[in-house]
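Shown next, in structure tokens, is the structure this report addresses.
Chain identifiers are assigned alphabetically (A, B, ...) following the order of the sequence lines, protein sequences preceding nucleic acid strands; residue numbering begins at 1 within each chain.
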There are 2 protein chains.
Amino acid sequence: MRRLDEVRGMATLPDVAQHAGVSTATAARALGGYGSVRESTRQRVLDAAEVLGYRPNVLARSMITGSTQTIGVVISDIENPFFRRSLRGITDTARSRGFEVLLANTDEELEKERSAVSLLAARRVDGMVVCPADAGDRKHLREVIASGTPIVLLDRRVSGLAADTVGIDNRKAARLATERLLSLGHERIAIVTGGTPEIRERLVRPDMRGVERLSATTVGSRAAGYRDALTAAGITMRPEYFSANGFRREDAVSEVHLLMDLPQPPTAILAFDSIQSLGALQCFRERSIRCPEHVSLLGFDDAEWADLVSPPLTVVTQPMYEIGVAACERLLDRIGGEQRSPVHDRLPTVFVERSSIGPPTHG
Amino acid sequence: MRRLDEVRGMATLPDVAQHAGVSTATAARALGGYGSVRESTRQRVLDAAEVLGYRPNVLARSMITGSTQTIGVVISDIENPFFRRSLRGITDTARSRGFEVLLANTDEELEKERSAVSLLAARRVDGMVVCPADAGDRKHLREVIASGTPIVLLDRRVSGLAADTVGIDNRKAARLATERLLSLGHERIAIVTGGTPEIRERLVRPDMRGVERLSATTVGSRAAGYRDALTAAGITMRPEYFSANGFRREDAVSEVHLLMDLPQPPTAILAFDSIQSLGALQCFRERSIRCPEHVSLLGFDDAEWADLVSPPLTVVTQPMYEIGVAACERLLDRIGGEQRSPVHDRLPTVFVERSSIGPPTHG
DNA sequence: GCCACTTTTGAGAACGCTCTCAACGCCGTG
DNA sequence: CACGGCGTTGAGAGCGTTCTCAAAAGTGGC
């Protein structure tokens with residue numbers, strides 16, 4: 001009669017009920033704390049559960065209630081400073097509200113994202129926090145939302161998707177950072193994006209359509225902000241100053257080398273995330289380039305090491321933990337039944353000036 | 001007849017069966033790819049599933065099969081460099097074998113660990129990778145194992161628990177690191193452990209019992225290795241050279257300040273993880289202490305920034321990703337039914353010498 | 001000691017799936 | 001034409017819960 005239990009040793013509700021000499025319904029009431037149960041029987045059931053080491057099977061419960069008390073988180077890489085800090089915000093919030101977190105990495109690959117979303121949906125998570133890959137179709141996300149599972153987008157915005165978004169104003173932050181560089185006298189400012197070459201092509205196009213379509217993505221928005229600042233200052237963009245060739249540190253290192261090999265190398269570099277900053281720093285070290293004397297470096301995200309490298313890095317900080325918290329809260333509200341139309345939270349950034357930027361040596 | 005579906009829009013197997021004009025059994029066979037189904041009906045079912053956007057309910061399947069294809073991971077902090085890298089190893093391995101990962105942070109708090117383990121058990125995960133808190137009873141772990149859910153311990157070893165362990169030989173690694181410092185001529189070597197004050201007390205006790213009991217924990221093992229090296233060199237340990245007062249960077253900073261305020265400050269510091277290294281570095285910067293001229297610094301774990309701080313940090317590297325992979329593989333093997341007695345994997349460490357250590361100035 | 005009323009209890013359906021078992025139609029063979 | 005064998009199909013039980021509904025057991029007033 002206890003097939004699985006003999007193997008896994010898990011006591012079930014009928015086991016407890018039998019041990020306490022009551023029906024499963026009564027046992028369920030006593031354990032679940034609903035309905036009304038005589039105090040003496042309640043105690044008897046609780047004791048029986050204790051003795052048998054009973055643990056309710058959440059799966060069975062979920063089948064009835066339709067809720068799994070679980071949210072799925074789909075991000076490109078837990079090791080990325082932005083995501084790991086946000087993830088912490090998400091897990092802390094979820095946990096405090098009684099939800100569990102199912103995790104999936106995508107490495108910015110659309111195919112992995114699709115399968116992750118599909119798997120999480122099959123697992124009937126109550127909702128998802130997704131940081132969508134920069135390109136490709138969003139049918140899989142649309143389907144999930146259509147089926148009634150809310151999705152909150154992290155960091156990135158996808159047009160035409162009925163989902164809440166939480167992030168920062170990337171375009172503005174990048175514009176402000178670029179303007180600071182301009183105000184120091186820099187005119188040859190390069191960006192190291194940590195994006196794909198495709199992004200670069202789109203950005204370089206003379207019509208604005210490229211930028212507009214891009215503004216849905218983080219890299220695109222930031223690139224657009226960079227472009228805004230240059231345009232406003234009357235400086236023409238140079239395509240060779242756009243680095244976009246992968247997400248890893250090695251990619252950034254070689255990209256910055258390429259930049260410095262240019263006949264007219266940039267006098268300042270704007271790195272789009274802390275991996276890119278690290279890559280630039282490593283390149284500088286390899287070439288014995290002094291920063292900020294020879295080149296200025298300005299990065300996104302205040303990593304744990306940002307104030308301890310040499311020189312201490314000037315950065316645009318985004319409230320990563322708070323973004324995670326906000327995203328999770330929004331999602332839990334939706335799961336709780338909130339109905340209003342999608343909202344797009346934009347959390348404030350902070351500019352932290354340290355010593356990695358200065359006036360250009362030859363401008 | 002479709003109560004939940006009208007809300008969540010999820011098609012069920014009976015829906016698909018009805019749409020295809022077959023029984024649920026046949027639909028299940030066609031979708032599940034087992035039994036024998038006529039090719040034409042199979043196609044009809046598949047089409048119906050496609051049309052209705054059918055997604056199998058994994059929960060219901062799990063109830064039958066008794067397997068959730070999910071593992072739980074209980075670690076102290078995803079943001080910690082060691083854990084986040086290991087976690088990546090775990091998730092990659094799990095995913096490649098068709099398993100999902102349920103995540104929980106404990107912040108080294110036993111209570112959180114207990115509730116996390118209990119929740120995961122209630123969710124019927126097929127197994128868990130746990131990095132147990134350094135102290136306290138292990139009843140919760142023992143219960144889970146007794147109920148038939150395998151556990152693999154990450155990094156730390158718990159005596160008397162029938163669980164596999166994956167980590168490094170912490171005692172040896174610490175001994176080797178200390179010996180290197182000794183060989184440079186250092187005699188006043190301090191450790192910054194990132195542990196609790198209790199650990200310190202136990203280690204200082206004149207009898208060996210303290211150390212022995214500690215050797216089950218990471219900090220304890222490393223402290224023991226440090227002690228081994230000093231003892232072998234005929235140097236008496238100084239209790240004031242043990243820093244153990246929390247896990248955060250600020251804690252480390254103030255501990256190192258305390259160390260440097262000593263009448264006889266250490267000439268070398270051994271930091272037990274990269275957070276502690278960062279703390280030491282920050283303290284040095286605050287006091288304008290030059291490293292390695294004034295103090296040598298040797299750390300555990302080769303963080304992404306270790307070669308880019310100044311001075312580039314000398315470290316003992318552990319193969320964090322591989323530890324995660326090994327732990328997950330071991331666990332999946334157990335889940336697969338492997339029966340042999342617990343094994344304890346010890347992966348090799350690598351000593352990476354950079355420029356943060358040198359001979360003492362006055363020895 | 002009887003009736004209306006409340007509290008406590010149990011039987012059993014439902015959730016969505018898997019899987020056993022028996023039945024069905026179809027074939028060739030004796 | 002009866003028979004065994006095979007591929008295909010459907011009915012229905014079961015997984016461990018929750019929850020509805022009705023029956024049983026108490027409770028108090030008269």
Side-chain angles (χ1 to χ4, degrees), chain A residues 1-45 48-49 52-69 121-124 147, chain B residues 1-45 48-49 52-69 121-124 147:
Chain A
M1 61 190 75
R2 295 208 294 132
R3 256 197 8 206
L4 209 78
D5 309 353
E6 276 153 32
V7 184
R8 302 271 308 236
M10 289 287 193
T12 68
L13 226 173
D15 294 334
V16 176
Q18 194 185 350
H19 195 269
V22 296
S23 69
T24 59
T26 304
R29 268 186 289 258
L31 259 11
Y34 63 96
S36 73
V37 186
R38 196 202 312 272
E39 183 51 35
S40 61
T41 39
R42 211 180 73 85
Q43 205 45 250
R44 206 142 33 92
V45 172
L52 298 176
Y54 171 75
R55 278 220 183 74
N57 185 331
V58 179
L59 272 60
R61 177 180 299 161
S62 293
M63 289 207 50
I64 307 285
T65 62
S67 137
T68 53
Q69 296 292 105
R123 245 152 243 246
R124 297 295 189 270
S147 80
Chain B
M1 64 187 75
R2 296 208 295 132
R3 258 195 8 203
L4 208 79
D5 309 353
E6 276 155 31
V7 184
R8 301 273 309 239
M10 288 286 192
T12 68
L13 224 175
D15 294 334
V16 175
Q18 193 185 351
H19 194 270
V22 296
S23 70
T24 59
T26 303
R29 268 186 288 258
L31 258 12
Y34 64 95
S36 74
V37 186
R38 197 202 312 269
E39 182 51 34
S40 61
T41 37
R42 212 181 70 86
Q43 204 46 250
R44 206 143 34 91
V45 173
L52 298 175
Y54 171 75
R55 277 221 184 72
N57 186 330
V58 177
L59 272 58
R61 176 180 300 162
S62 293
M63 289 207 52
I64 308 284
T65 62
S67 136
T68 53
Q69 296 291 106
R123 244 150 246 248
R124 297 296 190 271
S147 79

Contact class for B/Val22 (heavy atom, under 4.0 Å): base, sugar-phosphate, or nothing?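 The residue B/Val22 makes sugar-phosphate contact but no base contact.
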Please check this pair: side chain of [X] against backbone of [Y], looking for a donor-acceptor N/O pair closer than 3.5 Å.
X       : Y        : value
A/Thr24 : A/Pro14  : no
B/Thr68 : B/Arg124 : yes
B/Arg29 : B/Tyr34  : no
B/Thr26 : B/Val22  : no

Closest contact, heavy atoms only, A/Ser67 versus A/Ser62: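 So the minimum-distance heavy-atom pair works out to O-OG, 3.1 Å.
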Show me the protein contacts with nucleotides 18-23 of chain C, counting only N or O atoms at under 3.5 Å.
residue: C/dT18; atom: OP1; partner: B/Arg61; partner atom: NE; Å: 2.9
residue: C/dT18; atom: OP1; partner: B/Arg61; partner atom: NH2; Å: 3.3

[N] [atom2] sits how many Å from [X] [atom1], rounded?
X        : N      : atom1 : atom2 : value
B/Asn57  : C/dA14 : CG    : P     : 18 Å
B/Asp15  : C/dG16 : CG    : C1'   : 10 Å
B/Met63  : C/dA14 : CE    : P     : 16 Å
A/Arg55  : D/dT17 : CZ    : P     : 13 Å
A/Arg38  : D/dT27 : CZ    : C1'   : 12 Å
B/Leu59  : D/dG14 : CG    : P     : 22 Å
B/Arg123 : D/dT17 : CZ    : C1'   : 15 Å

Q.
Before you tell me yes or no, could you show the steps for A/Gln69 and B/Arg123 under side chain to side chain contact (heavy atoms under 4.5 Å, CB included), namely the whole-Å CA-CA distance, both residues' side-chain angles and the distance that decides it to 0.1 Å?
A. CA-CA 10 Å; A/Gln69 296 292 105; B/Arg123 244 150 246 248; 3.8 Å; yes
Within the structure provided, determine whether A/Val45 and A/Arg42 are in side-chain contact (heavy-atom separation under 4.5 Å).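 A side-chain contact under 4.5 Å is absent here.
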Say you draw a straight line from [atom1] of [X] to [atom2] of [Y]; how long is it, rounded to the nearest 0.5 Å?
X       : Y       : atom1 : atom2 : value
B/Asn57 : A/Leu59 : CG    : CG    : 9.0 Å
B/Leu52 : B/Met10 : CG    : CE    : 13.0 Å
A/Tyr54 : A/Thr12 : OH    : OG1   : 7.5 Å

Report yes if at least one side-chain N or O of [X] is closer than 4.0 Å to OP1 or OP2 of [N]; otherwise report no.
X       : N      : answer
A/Ser36 : C/dT8  : yes
A/Thr12 : D/dG16 : no
A/Thr41 : C/dT9  : yes

List the steps and the verdict of side chain to side chain contact (heavy atoms under 4.5 Å, CB included) for A/His19 and A/Val16. CA-CA 5 Å; A/His19 195 269; A/Val16 176; 5.7 Å; no
Identify all pairs in which a protein N or O lies below 3.5 Å from an N or O of nucleotides 24-28 of chain C, and state each distance.
none

- Task: Determine to 10° how strongly the helix from C/dG1-D/dC30 to C/dG30-D/dC1 is bent, judged from the axes of its five-pair ends.
- Result: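 It comes to 60° between the two terminal axes.
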